[in-house]
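For reference, the structure is listed below as structure tokens.
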There are 4 protein chains.
Amino acid sequence: MTHSFASDNTAPVHPEILAALAAVNEGHSPAYGSDPTTAALAERVAATFERGARTVVVPTGTGANILALNAAAPYGGGVVVADVAHVVADEAGAPARHGLTVLTCPTVDGRLTPDAITRWARDTGNIHHAQPVVVSITQATELGTVYSPDDVARLVESAHAAGMLVHMDGARIANAAVHLGVGLREAVGDVDLLSLGGTKNGGMGAEAVVTFSDDLASAVRHLHKPNLQLASKQRYLSAQLLALLDGDAPLWERCATSANARAAEIAAGLATPETAATGVAVVAPVEANLLFVRMPQAAADRVAREHQAFGTPHDDGTATVRIVCSWDTTPADASALLATIREEG
Amino acid sequence: MTHSFASDNTAPVHPEILAALAAVNEGHSPAYGSDPTTAALAERVAATFERGARTVVVPTGTGANILALNAAAPYGGGVVVADVAHVVADEAGAPARHGLTVLTCPTVDGRLTPDAITRWARDTGNIHHAQPVVVSITQATELGTVYSPDDVARLVESAHAAGMLVHMDGARIANAAVHLGVGLREAVGDVDLLSLGGTKNGGMGAEAVVTFSDDLASAVRHLHKPNLQLASKQRYLSAQLLALLDGDAPLWERCATSANARAAEIAAGLATPETAATGVAVVAPVEANLLFVRMPQAAADRVAREHQAFGTPHDDGTATVRIVCSWDTTPADASALLATIREEG
Amino acid sequence: MTHSFASDNTAPVHPEILAALAAVNEGHSPAYGSDPTTAALAERVAATFERGARTVVVPTGTGANILALNAAAPYGGGVVVADVAHVVADEAGAPARHGLTVLTCPTVDGRLTPDAITRWARDTGNIHHAQPVVVSITQATELGTVYSPDDVARLVESAHAAGMLVHMDGARIANAAVHLGVGLREAVGDVDLLSLGGTKNGGMGAEAVVTFSDDLASAVRHLHKPNLQLASKQRYLSAQLLALLDGDAPLWERCATSANARAAEIAAGLATPETAATGVAVVAPVEANLLFVRMPQAAADRVAREHQAFGTPHDDGTATVRIVCSWDTTPADASALLATIREEG
Amino acid sequence: MTHSFASDNTAPVHPEILAALAAVNEGHSPAYGSDPTTAALAERVAATFERGARTVVVPTGTGANILALNAAAPYGGGVVVADVAHVVADEAGAPARHGLTVLTCPTVDGRLTPDAITRWARDTGNIHHAQPVVVSITQATELGTVYSPDDVARLVESAHAAGMLVHMDGARIANAAVHLGVGLREAVGDVDLLSLGGTKNGGMGAEAVVTFSDDLASAVRHLHKPNLQLASKQRYLSAQLLALLDGDAPLWERCATSANARAAEIAAGLATPETAATGVAVVAPVEANLLFVRMPQAAADRVAREHQAFGTPHDDGTATVRIVCSWDTTPADASALLATIREEG
């Protein structure tokens, strides 16, 4: 398969991460997180995110989100999310399987606003409604937009004022930070819980739940194994995340910079008057490594066939195609995709 | 750390498996199980286990067990298990978190017998008791013993006669098959669901749930993501299992043969009259790659310190130490452990 | 408190039901459903609903709905419902607490149509989405409309064709049957599971889950106590339902006829040109015992204060007030309410 | 059916409670607990149990226990209980269905001791074991014994020292208080959560969860409806409990005094040398309204047939029969039972 635009999950593992796995493959090491690699990761995360950050490593992104949300919503209850959030749209009922009611809000561009919190806060204390206890935002969002540090701060303030915690699904936190031109610490802000993504950004399969209080850290630790997220040979998960986070020009930044640049190139290529004239339009601001493009169905069909980016058809003969760039997407891949769209557009 | 006897989870990944991971790290591949490696694994498992075996790949052993048991017990209900079973003793309340009541039976040597099924079957139809719907056996058992094909057949017959399904926790199925001198197919028998282990036997972190009926296959597929077990870059899990299963002298067999041999050497070393005279005794038949040895507390302390094998103290000044051999445990490791025990015994 | 229009749950117990409770209060009787009253109810329900109807008695309506839906959706998964359905709007996250993802559909008048099933059926087999396994309709709906026998038949046909079961929340099934001028059997149609309501229609606190297949009956029986719905002194629940169902001019019919008549009187009173001119409008067809009326906020405030019917404010100075008639609502109550609305309208 | 000794759940409702239900059956009253009867009950419970007691009313005893335990164990985890506790032996897997792992302890006479807490506290912090977070004791126990106020104080002290809360299943708290010769307040002691029983002691079907801290009160309120325990016409539940608790010679005391007296008469009758000589023996101290009696199987059979008290057979030709006295058991009933046992003993 050529480079696919279907998802950053179709990309291979970055060679530096494979090398890191080989490097920790020396001799025996305690299982279940008592190993030195996991300890080093915990230190690295604490230094990166400050505020007493505590870390738990998990194998999947859905696992990270649900573990974090279960810790934040001990009695079940409601999770306020954008209607396009992964947690509501693509996790196969995992929230409900874990007692969580998703309380959705429509959004223009994937970004939740404090209005959503205000709206759902009205249910607090109403015994007939799920109690809204945590807000979950995705950074970057599922539509490829990014919350500014101010956006995050305002949401955190509103949520806390309403008695809710804030969780950030950071499956693409690296792409958000690169867009913002800030470090991970600033891109995350002062949320209460973070799903720290590694897999989509060059990893093999490693995420972390990061918490910023004793209570949440204890809850996550309590739920780690019951929620089926405790890996035995944990050093191999921690090594991936450590390889992404460590160093002066860290891998997370290099991978995300490349992926974002490809998305920007595609967006720029589609913004020309000629292309726009053919009815091709980018749906939301392109700020991270993915974009949604409305195009004629014929173009969408060829893009699916040749570039593995898939769309949702509309009644008017067009389709909205989701295009995701990966750490290894090349400028040539982007150009080829643009050429296909222009030919059929 | 030197070679540890704490667990087969402390061992590194076998080089052939690391090589298999590197080999699949070429270009893009569909995510979430639509990749060719996962397809090849599915074929391999179907050929190995016959009876229409269907496969779902998961990242952790607890995840495999709970996913299988949830499929077998759709309305919750009871899981009949040996009191030493991993699912009751070491899964941190994961069964209850997933609606399952464990119905334990005392055993002499870790092996469940049809009596256990008969005993719990009396609750069938009693609205005040959890309904016993599935029997879960571990092959090899947590005490290092192995069910013979006849044992398994008798349990399956009893369970089915009582209207229960049978699940096998095959975290150490390779060690069982090697002990029995049979293939994996024969070591598994005609159970309804299998947790197929890869991690403990040289893998990095990969297990599978294997089912043998349309209904169970559909249930497992339904629960894969809601139970937080669907990995995105699944080719890296499938590649591990494929590397273990494929070939004429498959890796699973070589790894398990080595680990079992080390356990047998230790057992033989402890069976000498001199050692027995010091109050050192093996608790259960040594058939797989682990053994439980009762020894003076001083010996247990030194074994913990020098060989990372840990024990449970008794009131009489002795302790029972759990010793697990891994695929890379050497004869020298075994000799060193024996020497320590003898010196302090 | 005068007669309230807040809910049919504010009404007292019908004297015939109190008398039935006194009548079964003779001597000892087996607990947990082995009593003769429960047996008589089971026969009565089987005769009323035909198709091999089996009954389980429960204390609350939310309990009945969730017990039925859990039986229909053994692996969790999705419940297709109208967006105004009680199960999504007013059960405080109970579906998610029991593993159920609600899949909502907008409706014009509270009635789900086969389109909703078609829309959600597209998720079947998609491992990233909750699997739609059961459709839940409310008869009469939360907006006071009623499904015709043809409506129900079409929904059942569509659902079954899509591999889904159909559950009916019959909290107000009596009001629906009276409106349709048919028996309970016809008002229910050929759904797979029924929550049979007693409480709102003159009962004290008694509902039943009725199933029409061996598998569903067994599942409900399995879940009765684990779902916290098994009452010990069950004769007192069964006696209420039996008092409603038994006899030639059964109590369910008399109670619902009276409540529906009051709602019709109010609707007729609001339909006069004079009233309509004041901006008062009934939102949906008035077919059962409840109606939603849009009116000036001042009217809504007075209706809340004097008649305990409560509304949702709009931005334009109006509010939509929910008015529910009970078995004991009198023509004088209806007239008084109308007078209040007219004065302020 | 004559007066049965099967259970206090087979008894009818006390006439004073039926009268109380009729008394509140006047006009409309707000639903879901906003009614004046429920408010009066809340005041009554606060006055009775002191320490800021807060009340939530539920329809079943299993519902009360699980609601309380879910509030006490927000992340699931372990409930330390006696092996004979109702919550483990007779709730049909309800704890596991609600995420709770039961951690059992053998007992001599049904009473848990601080040793049990010490034993399970060793699992605290062990990520492979369910975290023990709450101790649940039954007052009076399932074997008919009673914790003294000192017993309860010691358990509470031990549990709190180990970081666990204490829940009391007070399904028979009235019988315990009468045995101790103290009020309900003293029989409950300083536990953190109480299931306050009404049904077994002359009620129709009404229990309450009583909490003694803001956090637990909030958790119980949060879970009331999601756990399917929120009755709509709640005044009819509250009226039952109020009828039991109110007054100078409260009904709870009169009912329990009578039932306890009958059990004592039976125990005394069995303690004669003649009866003892026939191999009939009471198993545990008879302190409340139930007793377990070992007797020849022939006697057990006749007791089952004529007095509806049922037993568990042993291998030696005897059976242990559970005999429960109700508020309406008469001295003649007790004498008749004794006569049967003696004839066959």
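In what follows, chains carry the letters A, B, and so on, assigned in the order in which the sequence lines appear, proteins first and then strands, with residues in each chain numbered from 1.
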Are A/Arg221 and D/Ile127 packed together at the side-chain level, in the sense that at least one heavy-atom pair is separated by less than 4.5 angstrom? yes
Least distance between heavy atoms, A/Pro74 atom then D/Tyr75 atom: CB-CE2, 3.6 Å
So what's closer than 4.5 Å to chain D heavy atoms on A/Leu223: side chain, backbone, both or neither? side chain
Shorter than 4.5 Å, heavy atoms on both sides: which option in D/Ala219, D/Gly99, D/Ala130 has the most such pairs with chain A? D/Ala219
Measure up the A/His128 and D/Tyr32 rings against each other and bin them: parallel (under 30°), tilted (30 to 60°), perpendicular (over 60°). perpendicular
